Amino acid sequence: MRQKEFLYGGDYNPEQWLDSPAILEKDIEYMKKAHINEVTLGTFAWSTIEPEEGLFKFDWLRQILDSLYENEINVILSTPSAARPKWLADAYPEVLRVNADRTKNIFGGRHNHCYTSPEYRRLVYRVDRKISEQFGNHPAVKLWHISNEFGGECHCPLCQVAFQQWLKKKYGAIQVLNKAWNTIFWSHDYLSFEQIESPSPKGEEMLHGLNLDWKRFVTDQTADFIAWEKKAIKEGGSELPTTTNMMYDYRGLNYHKIKDLIDVISWDNYPTWHKEAEAVTALDTAFQHDFMRSLLKKPFLLKESCPSATNWQSVSKLKAPGLLTAASLQAIAHGSDSVMYFQIRQSRGASEKFHGAVIDHYGKADTRVFKEVTELGKKLINLSEIVGTTTKSRVAIIHDSESRWAMEDSQGPRNKGLHYMDTVKKIYGGLRRQGLNVDILDMEYELDGYDIIFAPMLYMFRSGIESKIRAFVASGGIFIMTYWSGIVDENDLCHLGGTPHQLMDVFGLRSMELDALYDKDSNTGVSNGVFFNKDKQYECRNFCDLIKADTAKTLLTYESGFYKGYPAFVQNKYGKGTAYYVCADFEESFYIDLCQKLVEDKELDQIPITIPEGVSVTTRENERQVFLFIQNFGDESVNIKIPGEWKQLLGTGSIIHKYETMVFSKEKN
Ligand code: GAL
């Protein structure tokens, strides 16, 4: 989808106001006032579109689309499959989900349908196709939004059969599956695929291969459902691009298996601002933006965000003045081509009546929130030349859904918390402190084109990652891997013969034993002056890997315990590159120092400014220009001097206060 301006708008559910034409008219007036140029329609409108089976009502939607078009407001049109009407659930009970404990749901809620059910698929296809026939070529419509926040799983008899077939296709023969899952342990061998049932708290929950394949199946079944909806849209005559909105750190699906089905990545961002220090929340959110952008390595859409307070978090905290703008521009800074809200007009009743909106129950434009929304709309217009620009990253972190599923399910080495995401974020924070754009990759990506890659807790090796890492380092890359890497294969079977599997020569070591620490315990990595200054030491918790260094050079050693003096951080030259192995779960300052040192040593081309804590620096670019974003999420105002010939597009002067954003541009040489 080509755009000239940032898409600015959000979810709009006018079906709630069809009996109040004056309100619908006001909505358009207010949208124009706030510089809103997009709305997403129809997301939960199935019962208005098809109030009875086979009876379709489109006039209301056509009138709204026409009037939005007349007012130059673009539409992202949803398929309504995320919530089914009551008549549908009553007539076809098979569409309702069965839970892992095998209890059957009754009607209600949103994501309460089975993606396998042929009846659900038939009815979704029919309504999607009709919507596409009616509006797929309407000039207001620019993009399809498929369903809403796909998620959850169903364990009904239809899903059981589909899972068995999926397994049969994958393994061919039951003996192959038994071997891959090591079912002989506890006498759990299967004699046929038909005997297999999905994991359940009432039955099998500890067969890791089964759990892992079930999660893969759920992703594939969801992806297949998305493809099915796309087919309906296409067969209805529309060739418009598609998106589906993804969720924050959602572990139920492997988004990497969905990304190629859609044209534009979009996601819903609801941070709990003000709960922790703003800089902490901002870093966490930045990581998610980067994860989403990296899926297709092109601009994404911020599909939903809240203009004031949500109503589903434990505390409905208002955003302090300026934060709405800062959070929205943060998405732009990390590669979004939109700012969209849930929702344009607040509902009067039902579950989201107290969820924040651009237009609240008071219904007028002179509110604090509306004013900030309007101000932001103006700013976005002034930044229009940034639309479509991309983000170039020289550094990346490998963060793989399948490996994480397996690791978090594995029973040991630390059932009370692996602190995986904490570790990922310490690394991410270290890189961001250097002002570097960061890509987040899974193991299926190629690694070429990066200078520095981190792989925290890469428990599972799959997709030939061993060979990719070897080639990356051999050709001059810097690769940093931590403890608990290269432990299992793609079936979650432990590698034999030493770990990290097939990379012991690249890292110049073998991991002998992994000590897990109680929460009260810690150790310290002490510098020998070879890499970090001699006086440096870093606390570590949770995990201490006891390695046998072969060609690896020791840079830190453990200070205490029976492994006092063992290496805690090592470096190994391999080919033209360098591999580092981090043995323990070190504190944040370790990663801050490490990233700084690696970036200095590699002489990465950075924006040459000192970045104070809480300040975030990112860039976007096209062939001609680079755009530089500086945002302050810290409590203190800071003075930032930008060297060189930068034109300031947003903000004035060099002092940047809390929540402020400065944007600069520069022609490329
Ligand atoms: C999202 C959802 C929206 C709305 C919103 C409220 O997860 O997609 O429909 O419910 O949350 O914050």
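These figures come from a predicted structure and were not determined experimentally. Read the numbers this way: they start at 1 and go in the same order the structure lists the ligands and their atoms. Side chains are part of it too, since the values below use all heavy atoms of this structure and drop only hydrogens, waters and symmetry mates. For this chain, numbers begin at 1 and follow the sequence in order.
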Quiz item: Got a sec, which residues hit side-chain contact (heavy atoms from CB on, under 4.5 Å) with Asp249, two or more places apart in sequence or on another chain?
Solution: Arg251, Gln288, Arg404, Met421

Practice problem: Using the side-chain hydrogen bond (donor to acceptor under 3.5 Å, both in side chains) rule, take Glu352 and Ser347 through it: C-alpha gap first, then chi angles, then the decisive distance, then the call. | Solution: CA-CA 7 Å; Glu352 290 181 323; Ser347 313; over 6 Å; no

Quiz prompt | ligand 1 contacted by Arg110 (non-hydrogen, < 4.0 Å) | solution = yes

Practice problem: For the pair Tyr115 and His113, evaluate ring pair (Phe, Tyr, Trp, His ring centres under 6.0 Å) and give the outcome as yes or no after the intermediate values. | Solution: CA-CA 6 Å; Tyr115 295 134; His113 36 261; 5.7 Å; yes

Practice problem: Answer with side chain, backbone, both or neither: which part of Asp268 has a heavy atom less than 4.0 angstrom from an atom of ligand 1? | Solution: side chain

Quiz item: Do Ser81 and Glu229 have side-chain N/O donor and acceptor atoms under 3.5 Å apart?
Solution: yes

Quiz item: Less than 3.5 Å between some nitrogen or oxygen of Glu149 and one of ligand 1, yes or no?
Solution: yes

Exercise. Verify the distance criterion only: is there a donor paired with an acceptor across the side chains of Thr242 and Asp263 at less than 3.5 Å?
Key: yes

Quiz item: Nearest protein heavy atom to atom 4 (C) of ligand 1, by residue and atom, and its distance?
Solution: Glu352 OE2, 3.3 Å

Quiz item: Is it true that the side chains of Asp101 and His155 contain a donor and an acceptor less than 3.5 Å apart?
Solution: no

Self-check item: ligand 1 contact on Met247 by region, counting heavy-atom pairs under 4.0 Å
Solution: neither

Quiz item: Hey, is Gln343 touching ligand 1 through its side chain, its backbone, both or neither, going by heavy atoms under 4.0 Å?
Solution: neither

Quiz item: Got the closest protein heavy atom to atom 2 (C) of ligand 1, with its distance?
Solution: Glu304 OE1, 3.3 Å

